[in-house]
Amino acid sequence: MAHDHSQKDDSPALASADAHTDHVEHPEWPVYWKVGLFLTLITVGEVWAYYIPSFVASKLFVPILLFMSGVKFATVVLFYMHLRYDHKLFRALFTGPLLIAMATLMGLMFLFSKISA
Amino acid sequence: MANHVAHASHHYTSTGLDSKKVAIWTFIGSECMLFASLISTYLIYKGRSVTGPLPHEWWCASTNTISATRIANCPPDQLFKPILNIPVTSVSTFVLLCSSLAMVLALAAVENRDRPMPPNATAWQKALRSSKLWLWMTCIMGATFLGFQAYEFTSFVHEGLTIRKNLFGSSFFTLTGFHGTHVTVGVIWLGSLLAIDYKRGLGPKDALQVDIAALYWHFVDVVWIAIFTLIYLIK
């Protein structure tokens with residue numbers, strides 16, 4: 001198994017970092033193909049839902065599609081981008097701006113009456 | 001094991017983390033905000049075009065009528081169908097998802113280059129150790145995605161939708177064009193890694209460089225996951 005190669009092994013400062021991420025390992029093929037299959041199945045589900053007129057007309061269509069998209073997004077970020085295994089600083093560097101971006105998007109949608117409270 | 005190799009060229013921050021990896025995550029964070037602004041613009045303008053062609057609706061040019069269903073009394077040469085091609089885009093989405101899988105396998109191959117191969121290794125086990133194979137696969141799938149995008153853009157222009165035609169055209173081409181540019185940069189980046197791999201071979205000491213390229217590539221993939229749902233599937 002491979003270790004997190006972004007960390008310096010002999011750095012004095014690493015001692016504290018290692019306390020949180022000691023022997024961080026990336027997954028390999030057995031995990032990656034299952035993640036790939038999971039992503040494919042969700043994509044198939046999304047496209048399938050698009051072709052069911054009664055479901056498209058229902059109020060559940062948009063929330064369910066957004067949920068499936070969010071699950072795919074999180075799966076890629078956690079497993080393929082290794083955020084599940086990497087140092088917590090990387091998580092903060094990604095999720096912080098992502099939350100700001102999502103809040104901005106939602107704020108603009110409210111401001112332009114695309115969604116209502 | 002692979003990562004206990006000394007990295008003389010790496011620069012470490014006071015956290016003990018490599019500055020290049022901190023930089024790529026910071027860059028990805030800023031890219032999140034860029035794409036959120038582009039997606040917001042698309043969504044704000046959605047449904048505000050006063051002329052077609054339109055993404056999910058039929059449009060009669062002679063009467064400037066917009067309808068969710070086929071407009072019966074419109075001359076055939078004036079009738080424009082919904083312009084988004086979901087089957088084609090679904091295939092290109094699948095290709096991009098597969099390219100992410102190839103990319104993680106390329107990184108794993110580079111990280112594990114120095115590990116001894118079992119004497120009775122199967123062809124598949126040998127393939128999993130080939131960084132060239134997985135980098136080629138990623139490049140080819142990225143280029144295929146770009147080919148699909150070029151086909152889509154060309155067909156849209158032939159159907160009368162340009163970046164100057166309406167609000168949908170302006171926001172759609174800007175958003176997907178920015179994404180396509182990112183994919184192009186990614187393909188060039190992966191191509192340069194492939195060239196290095198052929199020249200001197202990529203090993204565990206290069207794992208960080210490959211990891212940084214992989215993070216960029218996966219980010220391009222997750223942006224498309226959002227675009228596919230928000231722009232193509234939600235009517």
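So that the names make sense, note that chain A is the first sequence line, chain B the second, and so on, each numbered from 1. Side chains are part of it too, since the values below use all heavy atoms of this structure and drop only hydrogens, waters and symmetry mates. What you are looking at is a predicted structure, and each value in this text was computed from that prediction instead of being measured.
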Is A:M81 in contact with chain B via its backbone, its side chain, both, or neither, using a 4.5 Å heavy-atom distance? both
Need one label for A:V35: side chain, backbone, both or neither, based on atoms under 4.5 Å from any heavy atom in chain B.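 For A:V35, neither part sits under 4.5 Å from chain B.
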Which of the residues [options] is involved in the greatest number of heavy-atom pairs with chain A at under 4.5 angstrom?
options: B:I39, B:L43, B:I24; result: B:L43
options: B:G29, B:A108, B:S30; result: B:G29
options: B:I28, B:L105, B:I44; result: B:I44
options: B:I86, B:T89, B:V223; result: B:I86

For the residue pair [X] and [Y], establish whether any side-chain heavy-atom pair is separated by less than 4.5 Å.
X: A:H87; Y: B:W25; answer: no
X: B:L128; Y: A:E28; answer: no
X: A:M68; Y: B:T229; answer: no
X: B:K21; Y: A:F90; answer: yes

Can you tell which part of [X] gets under 4.5 Å to a heavy atom of chain A, answering side chain, backbone, both or neither?
X: B:W124; value: side chain
X: B:T93; value: side chain
X: B:L233; value: both

So which of A:L65, A:V44, A:T43 has the biggest tally of heavy-atom pairs under 4.5 Å with chain B? A:L65
I need the [X] [atom1] to [Y] [atom2] distance, nearest 0.5 Å.
X: B:I225; Y: A:E46; atom1: CD1; atom2: CD; answer: 8.5 Å
X: A:F79; Y: B:H218; atom1: CZ; atom2: NE2; answer: 13.0 Å
X: B:M33; Y: A:L99; atom1: CE; atom2: CG; answer: 10.5 Å
X: B:L215; Y: A:D86; atom1: CG; atom2: CG; answer: 7.5 Å

A:L39: which of B:D221, B:L97, B:L101 passes side chain to side chain contact (heavy atoms under 4.5 Å, CB included):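 When side chain to side chain contact (heavy atoms under 4.5 Å, CB included) is applied between A:L39 and each of B:D221, B:L97, B:L101, only B:L97 qualifies.
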Among B:Y232, B:F94, B:F228, which one satisfies side chain to side chain contact (heavy atoms under 4.5 Å, CB included) with A:V47?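 Result: among B:Y232, B:F94, B:F228, B:F228 is the only option passing the side chain to side chain contact (heavy atoms under 4.5 Å, CB included) with A:V47.
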Taking everything shown except [X] itself, do over 12 heavy atoms lie less than 6.0 Å from its [atom1]?
X: A:W29; atom1: CH2; value: yes
X: B:R70; atom1: CZ; value: no
X: A:F55; atom1: CZ; value: yes
X: B:W136; atom1: CH2; value: no
X: B:Y45; atom1: OH; value: no

Which atom pair, heavy atoms only, marks the closest approach of A:S69 to B:A226?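 Scanning both residues completely, I find the closest heavy atoms to be OG-CA, 4.1 Å.
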Closest heavy-atom pair, B:S40 versus A:M109, reported as atoms and distance to 0.1 Å, is O-CE, 3.7 Å
